[in-house]
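Remember, it's 1-based here, ligands and their atoms both numbered in the order they're listed.
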Amino acid sequence: MTAVLESPSLWRRERLAQIRAGLTLGFVPTMGALHEGHLSLVRRSRAENDRTLVSIFVNPTQFDDPADLAQYPRTLQHDLTLLEGEGAEFVLVPDQTQLYEDAFRYRVTESELSRVMEGAHRPGHFDGVLTVVLKLLQIASAERAYFGEKDWQQLSLVRGMAAAFFLPTAVIGCATVREPDGLALSSRNRRLRPSDRRKAPQFYRALSTSPTPEGAARALCAAGFTVDYVEDRDGRRLGAVRLGGVRLIDNVPLGDRP
Ligand code: PAF
């Protein structure tokens with residue numbers, strides 16, 4: 001049975017009992033609308049820890065666009081059924097007032113990596129992500145926390161924050177899960193029109209096969225994508241595109257080029 005906890009204080013009481021019993025914890029923070037990518041994180045956590053906690057919280061401070069926040073899919077009952085099926089022991093579903101008792105007065109800011117690529121196109125996004133992740137990691141008190149590599153820049157920033165603030169939780173990156181045609185799984189994919197869904201795998205193909213980031217951007221523009229950026233950085237090629245109002249991000253290791 002998956003236990004659903006609505007308040008951080010209830011969870012902390014549960015976690016203290018686990019710690020006294022010597023049980024390790026893996027933590028998977030999410031914004032819900034769960035898909036196979038999230039479930040792969042839950043499976044990894046279950047394999048590496050005695051207990052697994054998943055949080056579901058649509059974090060308002062990481063949305064720079066109110067329309068994007070309003071449209072973000074909320075599928076709590078379905079999410080809980082999926083988590084039950086995976087055997088996740090605990091789900092934390094806090095509300096906004098509990099997580100932001102400080103009324104947004106405190107925030108974590110990073111001043112370099114958070115300003116480029118996603119950060120340049122979504123001002124304040126990573127402040128919101130880092131702030132909520134710090135809160136959630138403190139509440140969870142886990143040995144390990146699991147993040148998908150699809151959000152590579154997010155993963156790098158969370159790793160950097162954990163090191164900068166000496167957080168005791170190990171940050172574990174997990175491989176991107178893809179559709180058979182290469183499209184990275186994302187909660188946003190369900191908003192693609194059928195014709196855009198058919199086109200979307202070209203994004204992954206262009207990132208993986210173009211000799212240069214400029215070449216990938218040109219190919220994507222020619223195919224009808226609006227390209228926010230394609231950049232090579234730290235051994236990876238990262239990009240963001242828009243298709244019919246839906247924004248997709250992805251990244252691949254540069255070593256993968258044919
Ligand atoms: O990757 C996400 O779903 C979110 O950015 C996270 C890490 C749950 C923080 O809200």
Practice task
Could you list the atoms of ligand 1 found under 4.0 angstrom from a heavy atom of V132?
Solution key: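 What qualifies from ligand 1 is 9 (C), 10 (O).
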Practice task
Look at atom 4 (C) of ligand 1 and say which protein heavy atom is nearest, naming residue and atom and giving the distance to 0.1 Å.
Solution key: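 The closest heavy atom on the protein side is Q62 NE2, 3.7 Å.
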Exercise for the section: For atom 1 (O) of ligand 1, grab the closest protein heavy atom and report residue, atom and distance to one decimal in Å. Expected result: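 Result: Q154 NE2, 2.8 Å.
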Problem - Residues which pass salt bridge (Lys or Arg N to Asp or Glu O under 4.0 Å) with D151, listed by chain and number, not counting sequence neighbours - result: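 By the salt bridge (Lys or Arg N to Asp or Glu O under 4.0 Å) rule, D151 matches no residue at all.
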Practice task
Please state whether the rings of F57 and Y100 are parallel, tilted or perpendicular, taking 30° and 60° as the class boundaries.
Solution key: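 Geometry flag for Y100 against F57: tilted rings.
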Problem - Qualifying residues under ring pair (Phe, Tyr, Trp, His ring centres under 6.0 Å), relative to H121, sequence neighbours excluded - result: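 Result, ring pair (Phe, Tyr, Trp, His ring centres under 6.0 Å) vs H121: Y229.
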Exercise for the section: Examine the proximity of ligand 1 to V158 and report which part, side chain or backbone, both or neither, has a heavy atom under 4.0 Å away. Expected result: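 No part of V158 comes within reach of ligand 1.
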Problem - Under 3.5 Å side-chain donor-acceptor pair for Q18 and R15 - result: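 Yes, because at least one side-chain N or O of Q18 sits under 3.5 Å from a partner of the opposite role on R15.
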